[in-house]
Amino acid sequence: MEHLLTGFELNQDGYVKLIELAQAMKADPKSYRRTLEGMSAALMFEKPSLRTRTTFELAMFNLGGHGVYLDLGKGDLGVRETVPDYARNLSRWVDCLVGRVFKQTTLEELAATGSVPVVNALSDLYHPAQVMADFMTIKEHLGHMDKVKVAYLGDGNNVANSLLVAGAILGAHVTCFCPLNCGPDVQIFTKAQAEAQKYGGSVQVTDDLSTLKDYDVLYTDTWVSMGDDTPLEQVKKRFLPYQINEQLVASSGAKIVMHCLPAHRGYEITDEVMDGPLSVVFDEAENRLHIHMALLATLLNPSAV
Ligand code: CP
């Protein structure tokens, strides 16, 4: 793996090894304290973040390296200097570019014009590091990842796209329950379908909630992505049937409930479920740190892990 831009870069063995490494790092972080000694990463954020920023910065620190946070929220990237010039400058100083960006094409441009690995920390299309932590969490709670039945409910956004990608490659069965015209990206879905066939899993998209039965995992995310200014009443009307509440959890047979956070309590998930016995949302948040450590070590110093 040269970069992590989409999640399609890894095969099943790659995902499994990365998650095993994250579990080993979680169990014994002290053994990895010098893995990235003297190395650094630029953390380029065009959008706000709590989990991703904190855990990438801590991941570098925990491995003996250093993260340099670049606040690009004022729109500097590609304006103050071109994206390729950002990549060329930063490649002279740091060993990795971690980018949270508005457009996937920005990450592709950074990767094409820089000379160090680029990691997608969320774009309009993908959130691959998030779903790696999510499948690690599934493995911790259910004991396996292949054949696990995951129902994603709500907006077919970047997280939904990435769940399809990682789930397909890990041999899981992922169904996105989304309102009409709110499904995941069609091209990504089609590519994920080919991966699912290869690995014995499946991916589906439907708006029919009557088929939401016998799923192991329920997963949701915000109905309003950053930058979306659709009126809230319109959003609620469209998505409320897909809310994860106690009644929906009971009828689904789910063993765990997931949310990548931040949550909008009372919208995509109720307090009772988020704070209830099946919720693993803060395990997911914790595992962002361990998976980012594994990811950065694998990309920057593979011979050490
Ligand atoms: N889940 C996630 O990416 O959280 P942040 O937006 O806080 O980084």
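Every number for a ligand or one of its atoms is a count from 1 in the order of the listing. Note: hydrogens, waters and symmetry copies are ignored here, and every other heavy atom, side chains too, is used.
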What atoms of ligand 1 come within less than 4.0 Å of a heavy atom belonging to Leu50?
5 (P), 7 (O), 8 (O)

Enumerate the atoms of ligand 1 whose separation from the nearest heavy atom of His127 is less than 4.0 angstrom.
2 (C), 3 (O)

Polar side-chain atom of Tyr219 near backbone of Ala160 as donor-acceptor pair, under 3.5 Å
no

Return the minimal non-hydrogen interatomic distance between Thr35 and Asn301, and the atom names on each side.
O-ND2, 2.9 Å

Which atoms of ligand 1 are found less than 4.0 Å from any heavy atom of Leu261?
1 (N), 2 (C), 4 (O)

Over all heavy atoms of both residues, which pair between Phe135 and Gly167 is shortest? Give the atoms and the distance, please.
CZ-CA, 3.5 Å

Look at the side chain of Gln243 and the backbone N and O of Glu268, then say whether any donor-acceptor pair between them is shorter than 3.5 Å.
no

Where the closest heavy atom to atom 2 (C) of ligand 1 is concerned, which of Arg288, Lys47, Arg53, Glu284 has it?
Arg288

Which of the numbered atoms in ligand 1 are under 4.0 angstrom from any heavy atom belonging to Cys260?
1 (N)

When you measure from atom 6 (O) of ligand 1 to each heavy atom in Arg100, Arg51, Gln130, which option holds the nearest one?
Arg100

Is Arg34 reaching over with its side chain to a backbone N or O of Gly64, donor-acceptor style, under 3.5 angstrom?
no

